[in-house]
Amino acid sequence: HVQLVESGGGSVLAGGSLKLSCAASGYMYSGCGMAWYRESPGKQRELVASLDSNGTTAYAHSVKGRFTISPNSAKNTLWLQMNNLKPEDTAMYYCVAASPCPDWAFAVMLASGGPRFGSWGQGTQVTVS
C-alpha cells in the first residue's frame, strides 16, 4: 500500500502563503495521478487540485491562480503551494494518490470524490484568519 505523509499545514493570516508537502513511498507509484482534497465542517469534500501522469494539472475554480500543484523530480513528493490564502480556504487538506496507478483508476478516483481507487494521507490542517 502506498504511504502518504503530509506536512506544512498551519495557521496563517489572510493573504499569506503555505506550502503543503506529501511524501509518497514506493517508486512504483512515481508518476501516478495524485490530488489534493480539502474538507471542513459543513462543507462537502472538494477536489482542490490534481496532477495526472502526463503532468497535466487541474484546479478548482476557487483556487485557480492562487494554488499550484507540482511533484518533485523523483515524483515521490507532491507539493501544494498556496498563495493569497483566504478564510474560506480553511480546511483539512488531504493528499490522495491513485491506487492502482493506471490512468483509468485515477479517472475513477476523481469521479468518485476519492473514496474509490484513492489512497489517502492523514491530512494536515490549514487555518486562515
Side-chain angles (χ1 to χ4, degrees):
H1 298 286
V2 62
Q3 295 181 344
L4 305 174
V5 180
E6 298 160 317
S7 62
S11 181
V12 298
L13 296 175
S17 298
L18 285 173
K19 188 175 183 179
L20 306 184
S21 179
C22 171
S25 64
Y27 285 103
M28 69 175 68
Y29 295 104
S30 63
C32 299
M34 299 187 73
W36 287 94
Y37 285 84
R38 65 186 180 188
E39 185 175 325
S40 62
K43 297 180 181 179
Q44 286 188 311
R45 182 182 298 125
E46 179 184 23
L47 175 63
V48 177
S50 64
L51 174 70
D52 71 12
S53 61
N54 296 316
T56 301
T57 60
Y59 299 91
H61 177 74
S62 60
V63 307
K64 283 184 177 179
R66 299 190 297 118
F67 290 13
T68 302
I69 186 172
S70 62
N72 67 348
S73 59
K75 297 185 178 181
N76 57 7
T77 299
L78 185 71
W79 292 308
L80 183 67
Q81 178 66 51
M82 305 186 295
N83 298 324
N84 302 315
L85 285 162
K86 303 175 180 180
E88 52 263 42
D89 294 320
T90 296
M92 183 72 74
Y93 284 72
Y94 297 92
C95 174
V96 187
S99 183
C101 188
D103 287 345
W104 65 263
F106 183 56
V108 172
M109 185 191 86
L110 297 179
S112 70
R116 190 175 183 184
F117 299 130
S119 183
W120 294 68
Q122 80 287 353
T124 184
Q125 179 67 39
V126 172
T127 302
V128 185
S129 61

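Quick note: numbers below take in every heavy atom, side chains included, and nothing from hydrogens, waters or symmetry partners.
- Contact between Ala97 and Leu4 at its shortest, heavy atoms only, is N-CD1, 3.9 Å.
- Met92 and Leu18 fall into different hydrophobic clusters, where Ile, Leu, Val, Met, Phe, Trp and Tyr are joined by side-chain heavy atoms under 4.5 Å apart, directly or via other members.
- Taken from CG in Leu20 to CD1 in Ile69, the straight-line distance is 10.5 Å, to the nearest 0.5 Å.
- Taking the side chain as every heavy atom from C-beta outward, Ser21 and Thr77 approach each other to under 4.5 Å.
- A single hydrophobic cluster is not seen to contain both Leu80 and Tyr94; linkage of ILVMFWY side chains at heavy-atom distances under 4.5 Å, directly or through other members, places them apart.
- Put simply, the side chain of Met82 reaches to within 4.5 Å of the side chain of Val126, judged on heavy atoms.
- Linking ILVMFWY residues whenever their side-chain heavy atoms come closer than 4.5 Å, directly or via other members, leaves Trp79 and Val12 in distinct clusters.
- In this structure, the side chains of Ser119 and Val96 stay at 4.5 Å or more apart for every pair of heavy atoms.
- Scanning both residues, Ala91 and Gln125, for their nearest heavy atoms gives O-NE2, 3.4 Å.
- To the nearest 0.5 Å, atoms CG (Leu13) and OG (Ser11) are separated by 7.0 Å.
- Using a 4.5 Å heavy-atom cutoff, the side chains of Arg38 and Val63 are in contact.
- Separation of atoms OG1 (Thr57) and CZ (Phe67) is listed at 14.0 Å; rounding is to 0.5 Å.
- One finds the SG atom of Cys95 at 5.0 Å from the CG atom of Leu78 (value rounded to the nearest 0.5 Å).
- Looking at Ser25, its side chain does come within 3.5 Å of a backbone N or O of Gln3 through a donor-acceptor pair.
- Counting heavy atoms from C-beta on, the side chains of Ser50 and Met109 never come closer than 4.5 Å.
- In this structure the side chain of Val128 never reaches within 4.5 angstrom of the side chain of Glu88, judged on heavy atoms.
- Under the 4.5 Å side-chain heavy-atom criterion for Ile, Leu, Val, Met, Phe, Trp and Tyr, Trp120 and Leu47 are members of the same hydrophobic cluster.
- Minimum heavy-atom separation, Asp103 to Ser53: OD1-OG, 2.8 Å.
- The number of heavy atoms from other shown groups lying within 6.0 Å of CD (Gln122) is above 12.
- A heavy-atom distance below 4.5 Å is found between the side chains of Leu110 and Tyr37.
- Nearest heavy-atom pair, Leu85 versus Arg66, reported as atom, atom and distance to 0.1 Å: CA-NH1, 3.8 Å.
- The closest donor-acceptor contact from the side chain of Asp52 to the backbone of Asn54 lies under 3.5 Å.
- Side-chain rings of Tyr93 and Trp36 stay apart, their centers remaining 6.0 Å or farther from each other.
- A side-chain donor-acceptor contact under 3.5 Å links Glu6 to the backbone of Gly123.
- The main-chain N or O of Val108 is found under 3.5 Å from a side-chain atom of Ser112 such that the two form a donor-acceptor pair.
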